[in-house]
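Report on the structure given below.
Just so it is clear, the structure is predicted and the values come from calculations on it, not from any experiment. So that the names make sense, note that chain A is the first sequence line, chain B the second, and so on, each numbered from 1.
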Amino acid sequence: METRTALVRRARAINRTLAATYPDARCELDFCNPLELLVATILSAQSTDKRVNLVTPAVFARYPNAAAYAAAERETLEQLIHPTGFFRAKSDALIKLGAALVERFGGEVPGRLKDLVTLPGVGRKTANVVLGNAFDVPGITTDTHFMRLSARFGWSDSAKPDVVEAEVGSLFPRSDWTQLSHNVIWHGRRCCHARRPACGACPVARLCPSYGEGPTDPKVAVKLLREPRG
DNA sequence: ATCCCGAGGG
DNA sequence: CCCTCTGGAT
């Protein structure tokens, strides 16, 4: 059984290695202000950031502020965001979000977790993305990648995002939380895939209790890095 | 068939 | 706690 001290050391070593491997790790959603990031993050639910970035330019141009979302025609908005999936629930959330921002926050996106999670369509994960990337407030993004890698790294065995957030957060200083999220998510997207993780090409294989879950042959692994899934 | 930077409702 | 909402890539 790994001691707490050893777990903390191993977790931080993994993060250091990931940081060195992915020096450009950051939020991959395109945005120019907090509202744009908030909208893009809501659209990213069960979608890829690449797909979100494809639709957001038209969305941001048509709805430049909170009041514009509040006054949006449902059908128009649904058509603009359609490729991201869940278009009915998302358009509904964005319209109600605009109204809530105008009514309760003077049309501005609040910079506190407590306020953000009261907004329609905004859960803890979305709130932490906005805090970390638009307000420089440390936050752990427990998205699908972070959940999967936390389990594989042995950082948390919980299936509940808020528990994982607390347990993994306790392994790192607050100031590391946002960049940790980016490092882990980048590694999840590029190497530690949900299906057939490229263990043979993984920079933290030595530190990972799940090493061997995917192919360990370096040649096979390197192929997986280019053709991520199959 | 499985997965993608989830949230809300029952 | 479960379920549902949705499209597109692989």
Side-chain angles (χ1 to χ4, degrees), chain A residues 18 22 24-31 34 36-56 58-59 74-75 77-100 113 115-134 138-152 158-165 168-169 177-198 213-215 220 223-230:
Chain A
L18 293 182
Y22 311 114
D24 299 323
R26 55 177 169 75
C27 181
E28 292 188 271
L29 295 168
D30 296 335
F31 67 97
E36 290 188 357
L37 177 59
L38 180 54
V39 170
T41 308
I42 288 172
L43 293 179
S44 75
Q46 293 297 296
S47 185
T48 58
D49 59 344
K50 193 178 283 185
R51 188 147 303 283
V52 172
N53 290 336
L54 235 42
V55 309
T56 44
V59 174
R74 189 175 307 275
E75 266 195 43
L77 184 50
E78 282 185 3
Q79 282 178 15
L80 286 174
I81 68 173
H82 186 270
T84 67
F86 294 160
F87 59 89
R88 272 184 284 267
K90 286 175 181 175
S91 64
D92 190 54
L94 291 179
I95 292 168
K96 288 178 177 166
L97 170 69
L113 181 68
D115 294 327
L116 281 167
V117 295
T118 69
L119 294 167
V122 182
R124 229 187 142 75
K125 178 256 161 181
T126 297
N128 275 328
V129 170
V130 172
L131 287 176
N133 300 287
I140 291 183
T141 305
T142 48
D143 70 343
T144 180
H145 299 291
F146 200 93
M147 294 294 291
R148 182 178 69 252
L149 269 66
S150 292
R152 286 182 178 164
S158 175
K160 302 174 188 179
D162 54 338
V163 175
V164 172
E165 185 187 332
V168 176
W177 287 358
T178 300
Q179 192 56 42
L180 166 72
S181 301
H182 290 145
N183 297 341
V184 169
I185 291 166
W186 268 58
H187 186 55
R189 295 193 56 203
R190 287 162 179 73
C191 179
C192 192
H193 309 125
R195 286 179 291 187
R196 300 186 66 194
E213 208 172 284
V220 176
K223 262 188 193 173
L224 284 176
L225 298 188
R226 279 184 289 157
E227 300 266 347
R229 286 169 275 278

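For Arg190(A), the side chain to side chain donor-acceptor pair (under 3.5 Å) partners two or more places apart in sequence, or in a different chain, are Glu28(A). A search for salt bridge (Lys or Arg N to Asp or Glu O under 4.0 Å) contacts involving Arg152(A) returns Glu213(A), not counting sequence neighbours. Judged as a side chain to side chain donor-acceptor pair (under 3.5 Å), and not counting sequence neighbours, Asp143(A) has no contacts. In this view, Asp115(A) and Phe105(A), Pro110(A), Arg112(A) satisfy the side chain to side chain contact (heavy atoms under 4.5 Å, CB included) rule, not counting sequence neighbours. Residues passing the side chain to side chain donor-acceptor pair (under 3.5 Å) test with Arg74(A) are Asp92(A), sequence neighbours excluded.
At a threshold of 4.5 Å between non-hydrogen side-chain atoms, the residues Thr126(A) and Leu119(A) do not count as touching.
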Pick out the pairs of N or O atoms, protein on one side and nucleotides 6-10 of chain B on the other, that lie under 3.5 Å.
{"from": "dG6(B)", "atom 1": "OP2", "to": "Ser44(A)", "atom 2": "O", "distance (Å)": "3.0"}
{"from": "dG6(B)", "atom 1": "OP2", "to": "Gln46(A)", "atom 2": "N", "distance (Å)": "3.0"}
{"from": "dA7(B)", "atom 1": "OP1", "to": "Gly123(A)", "atom 2": "N", "distance (Å)": "3.0"}
{"from": "dA7(B)", "atom 1": "OP1", "to": "Thr126(A)", "atom 2": "N", "distance (Å)": "3.0"}
{"from": "dA7(B)", "atom 1": "OP1", "to": "Thr126(A)", "atom 2": "OG1", "distance (Å)": "2.4"}
{"from": "dG8(B)", "atom 1": "OP1", "to": "Gly121(A)", "atom 2": "N", "distance (Å)": "2.6"}

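When the P atom is compared between dA7(B) and dA9(C), the two are found 24 Å apart, to the nearest whole Å. When the P atom is compared between dC3(C) and dC5(B), the two are found 24 Å apart, to the nearest whole Å.
Phosphate contact (OP1/OP2 of dC4(B), side-chain N/O of Arg51(A), threshold under 4.0 Å): absent. In this structure, Arg88(A) does not reach the dT4(C) phosphate: none of its side-chain N or O atoms is under 4.0 Å from OP1 or OP2. The side chain of Arg189(A) contributes no N or O atom lying less than 4.0 Å from OP1 or OP2 of dC4(B).
Taking atom NZ on Lys90(A) and atom C1' on dT4(C), their separation rounds to 14 Å, with Å as the unit.
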